[in-house]
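Presented below is the structure to which this report refers.
Note on naming: letters A, B, ... go to the chains in the order of the sequence lines (proteins, then strands), and numbering restarts at 1 for each one.
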2 protein chains.
Amino acid sequence: MGIKYTILGLLQYKDMHGYRIKEHIERNFGHMWSINYGQIYPNLKKLEEEGLITMKEVVQNDEKGPPRKLYSITQKGREEFVRWLESSPEKSMILRDPFLMRFVFFGFGDPDRALELIDEQISVYQEQLGRRQANLQRWKHGSIFVNLIAELGTDMNQMILDWLEKARKELVHHFCTDEAGIKKTVKMNEK
Amino acid sequence: MGIKYTILGLLQYKDMHGYRIKEHIERNFGHMWSINYGQIYPNLKKLEEEGLITMKEVVQNDEKGPPRKLYSITQKGREEFVRWLESSPEKSMILRDPFLMRFVFFGFGDPDRALELIDEQISVYQEQLGRRQANLQRWKHGSIFVNLIAELGTDMNQMILDWLEKARKELVHHFCTDEAGIKKTVKMNEK
DNA sequence: CTTTCTATATATTAAAAGTATATATAGCGG
DNA sequence: CCGCTATATATACTTTTAATATATAGAAAG
């Protein structure tokens, strides 16, 4: 889904080699999505075949490591990129969450364990939120677009945390009204 | 990612055939994720091979259409399902958004067009929010878990709308301070 | 000087997921 | 009888993910 154009977009900023492309994406957009080497190298090859980028040179590494292939975008690539950039997205947001997939069926499992899993998820998102807020400060002077996306990341994180806490409360109440002996659990889990 | 367990989970509620599984997922969780026949039938076959479900019977359709294969979960399937249900998720949420992928690079395109795309996205989410809120009413008396997930869907929708409007304002301001002649555009897009 | 470790770099393969397409059955309306 | 729609099973192909392979080079330890 648009990996080609993401790579083209990055090469508009500056020339890059494959390893650096993944690094850049992870650093700047890692909170929103990620990319794999299995996607990068085949797409670089394809873009080159289509004449949208060229492999400029193979340079010896300054620091350490093997020689690297530096890619740059062509004029044809710039035009194709803008054509895509100004087209309407063909699909809406796709979301996959192994936790939510479990959440739907929590009625089938052990209520105690369900609450534990929610607590784990709350911890994960709290930690991630802290990292994202720290990153926000770092990126304040960068691109307004990256900044706004980072804000979306923290907004989303906060929203999910709020929902998790609300869901937890309602489930504690729901489990509590069951004939199951979980009152002790409710008490233990209350702060 | 867990398609097998989603199918197992649905078969805990009641026996179903392949076509109905997709229908059920689209109706109850369509706001969060979707599934394709290309995922359903191979996984049904695999689950049967693993002894987690059985193909109970082939029944002639009452209404119309061809005969259908009714699947039901086995005891082994129930145990495997609960094992998965009570395990910690192995990954975090995955998010893919063709619009956000473009948003990041809006600095390269035409500012007018960028604002148009944002306006389109706002329309899409507003419409989706209306549908989700209507669905919320319908599901109020159903499973508390499905209900909470539906609430998450509307919460997320509202959050994204808020962010889009905030982003739009900041971008209008950002573009306005450019040396580009977009003041007219700013004026036309103001309500 | 050699070995081990780490970071950096290119790349491929297998499995899983997602998309598109094919084929079939049956009722209904023209 | 034909065309359309809904219902139903299923496969082929593409994309993504995860894992793995191979390589280079500096630094540290022995």
Next item on the list: For D:dA18, take OP1 and OP2 only and decide whether either is under 4.0 Å from a side-chain N or O of B:K91.
Entry: yes
Notebook entry, point to check: Can you tell me if the side-chain N/O atoms of A:R96 get under 4.0 Å from OP1 or OP2 in C:dG18?
Noted result: yes
Next item on the list: Output the single nucleotide from D:dT9, C:dT10, C:dA24 whose closest atom is nearest the side chain of B:P66.
Entry: C:dA24
Notebook entry, point to check: When the nearest nucleotide of DNA chain C is assigned to B:I35 and to A:R20 on a heavy-atom basis, which residue is associated with the more 5' position?
Noted result: A:R20
Margin query: Taking the side chain as everything from C-beta on, heavy atoms only, tell me whether B:L47 gets closer than 4.5 Å to B:Y71.
Written below: no
Next item on the list: Look at the side-chain N and O atoms of B:Y19 and state whether any lies under 4.0 Å from the OP1 or OP2 oxygen of D:dT7.
Entry: yes
Next item on the list: Output yes when at least one side-chain N/O atom of B:N36 is less than 4.0 Å from OP1 or OP2 of C:dG18, else no.
Entry: no
Check: OP1 or OP2 of C:dA16 less than 4.0 angstrom from a side-chain nitrogen or oxygen of B:Q39, does that happen here?
Finding: no
Note to self: For a quick test of reading the model, state the closest non-hydrogen atom pair linking A:L10 to A:M16 and the distance between them.
What the structure shows: O-CE, 4.1 Å
Check: How long is the line joining OH of A:Y37 and C1' of D:dT15, in whole Å?
Finding: 20 Å
Next item on the list: To the nearest Å, give me how far apart CD1 (B:I7) and P (D:dT9) are.
Entry: 12 Å
Checklist line | Between C1' of D:dT17 and CG of A:N43, the distance in whole Å | finding: 14 Å
Checklist line | d(CD, A:E48; P, C:dT10) in whole Å | finding: 12 Å
Checklist line | Between C1' of D:dT7 and CG of B:L70, the distance in whole Å | finding: 15 Å
Next item on the list: Under 4.0 Å between any heavy atoms, over every strand shown, what does B:G38 touch: base, sugar-phosphate, or nothing? Just pick one.
Entry: base
Notebook entry, point to check: When you check the phosphate oxygens OP1 and OP2 of C:dT12, does a side-chain N or O of A:K45 lie under 4.0 Å from one of them?
Noted result: yes
Next item on the list: Using atom NE2 of A:H17 as one end and atom P of D:dT24 as the other, report the distance to the nearest whole Å.
Entry: 16 Å
Checklist line | Option among B:T6, B:T74, B:L52, B:I53 that satisfies the side-chain contact (heavy atoms from CB on, under 4.5 Å) test with B:L11 | finding: B:I53
Margin query: Before we go on, tell me: are the rings of B:Y13 and A:F108 under 6.0 Å apart, centre to centre?
Written below: yes
Check: Would you say C:dT10 has OP1 or OP2 under 4.0 Å from some side-chain N or O of A:Y41?
Finding: yes
Next item on the list: For B:E23 and D:dT9, give me the distance from atom CD to atom C1', rounded to whole Å.
Entry: 14 Å
Check: Between A:K22 (NZ) and C:dA7 (P), how many Å, whole number?
Finding: 15 Å
Notebook entry, point to check: Taking the six-membered ring for Trp, are the ring centroids of A:F103 and A:W163 within less than 6.0 Å of each other?
Noted result: yes
Item checked: N or O in side chain of B:K69 less than 4.0 angstrom from D:dA10 OP1/OP2 -> yes
